[in-house]
Enquirer: 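Quick one: this structure, given as structure tokens, is what I'll be asking you about.
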Amino acid sequence: MISTSHQASELLNQSCDKTLYKDFCKEALGSAPASDMQSLTKSALDIASLSANEVLKLIPKLLETSSDASVKQALTDCSEVYQSALDQIKESTAAVDAKAYNDVNTWISAGMTSSETCEEGFNGVTSPLTSVNTRFSQISSIILTFSNLSAKN
């Protein structure tokens with residue numbers, strides 16, 4: 001008999017192998033409880049939420065240390081788009097429960113643009129949020145893949 005943890009590990013590996021960010025997916029979700037695609041998608045949404053919150057906690061610290069008005073404006077804009085992304089993640093979590101995967105895709109795609117919008121707001125100035133924006137974009141991409149896999153089940 002195959003163990004449940006082995007099945008979960010297989011599900012994770014097979015699912016992550018279908019994403020653009022295989023290694024990041026396996027690293028980020030390696031300890032996630034995943035009995036099916038739905039629970040795996042919700043775990044990825046949890047990570048996206050943590051990632052967005054990480055950005056939102058970092059921004060006030062960066063605002064305190066920056067003296068550049070355009071950087072401060074970009075950080076303020078980033079805060080707004082990430083707050084919106086958090087709302088979209090919450091909506092997506094409810095949509096996963098309802099198996100409304102088209103809604104998940106719509107909201108996560110919109111949320112995914114948050115990291116791009118944030119990054120572009122720095123207008124050629126080096127963004128202090130590049131690494132967290134990249135992480136958020138990658139986990140969003142993984143969620144889209146998982147959502148599409150869930151829709152097929």
Side-chain angles (χ1 to χ4, degrees), residues 11-34 36-66 68 70-153:
L11 173 68
L12 176 70
N13 286 329
Q14 289 171 0
S15 301
C16 285
D17 282 344
K18 293 177 178 150
T19 70
L20 294 175
Y21 308 101
K22 296 168 183 54
D23 293 338
F24 174 63
C25 180
K26 291 173 186 176
E27 172 199 323
L29 291 157
S31 61
D36 56 21
M37 278 312 302
Q38 190 174 10
S39 62
L40 195 55
T41 304
K42 286 179 80 168
S43 292
L45 283 162
D46 289 343
I47 291 168
S49 182
L50 289 171
S51 181
N53 276 310
E54 178 184 336
V55 175
L56 289 169
K57 286 178 187 161
L58 183 58
I59 289 172
K61 294 173 187 167
L62 293 170
L63 281 167
E64 284 177 22
T65 59
S66 177
D68 185 321
S70 64
V71 169
K72 285 186 173 214
Q73 184 57 56
L75 288 167
T76 301
D77 292 345
C78 288
S79 181
E80 290 171 12
V81 295
Y82 270 99
Q83 193 57 57
S84 178
L86 262 181
D87 293 340
Q88 290 157 334
I89 292 166
K90 287 177 190 157
E91 294 289 343
S92 296
T93 301
V96 168
D97 288 335
K99 298 186 185 326
Y101 297 110
N102 286 337
D103 290 345
V104 174
N105 292 349
T106 299
W107 287 318
I108 293 302
S109 294
M112 194 173 185
T113 61
S114 296
S115 59
E116 296 158 13
T117 301
C118 176
E119 201 65 24
E120 289 166 3
F122 288 93
N123 292 326
V125 177
T126 302
S127 165
L129 298 172
T130 299
S131 64
V132 287
N133 281 332
T134 300
R135 179 179 163 88
F136 186 79
S137 181
Q138 289 175 342
I139 195 66
S140 296
S141 172
I142 290 165
I143 292 166
L144 290 173
T145 300
F146 286 0
S147 177
N148 289 325
L149 290 170
S150 296
K152 293 176 183 175
N153 287 342

Enquirer: Looking at CG of L63 and CG of L75, how far apart are the two atoms once the value is rounded to the nearest 0.5 Å?
Expert: 5.0 Å
Enquirer: Sub-3.5 Å donor-acceptor pair from the side chain of Q38 to the main-chain atoms of V96, do we have one?
Expert: yes
Enquirer: Apply ring-ring contact (aromatic ring centres under 6.0 Å, His included) to Y101 and list each qualifying residue two or more places apart in sequence or on a separate chain.
Expert: none
Enquirer: Treating S109 as the side-chain partner and T106 as the backbone partner, does any N or O pair qualify as donor plus acceptor under 3.5 Å?
Expert: no
Enquirer: Using only atom types and a distance under 3.5 Å, with no angle test, would you say the side chain of S147 pairs donor to acceptor with the backbone of I143?
Expert: no
Enquirer: Measure the CZ-CG distance between F136 and N53 for me, rounded to the nearest 0.5 Å.
Expert: 10.0 Å
Enquirer: For T130 and N133, does a side-chain donor sit closer than 3.5 Å to a side-chain acceptor?
Expert: no
Enquirer: What's the spacing between E120 CD and D77 CG if we round to 0.5 Å?
Expert: 12.0 Å
Enquirer: Would you say S114's side chain and V81's backbone share a donor-acceptor pair under 3.5 angstrom?
Expert: yes
Enquirer: Taking atom CG of D97 as the centre, report whether more than 12 heavy atoms of other residues, nucleotides or ligands fall under 6.0 Å from it.
Expert: yes
Enquirer: Has D36 got more than 12 heavy atoms of other residues, nucleotides or ligands less than 6.0 Å from its CG?
Expert: yes
Enquirer: Between T145 (side chain) and S141 (backbone), is there a donor-acceptor pair under 3.5 Å?
Expert: yes
Enquirer: Within the side chain of S84, is there an N or O that forms a donor-acceptor pair under 3.5 Å with the backbone of E80?
Expert: no
Enquirer: Just how far is it from atom CG of L62 to atom OG of S79, taken to the nearest 0.5 Å?
Expert: 11.0 Å
Enquirer: Inspect the surroundings of NZ in K61 and state if more than 12 heavy atoms from other residues, nucleotides or ligands are less than 6.0 Å away.
Expert: no
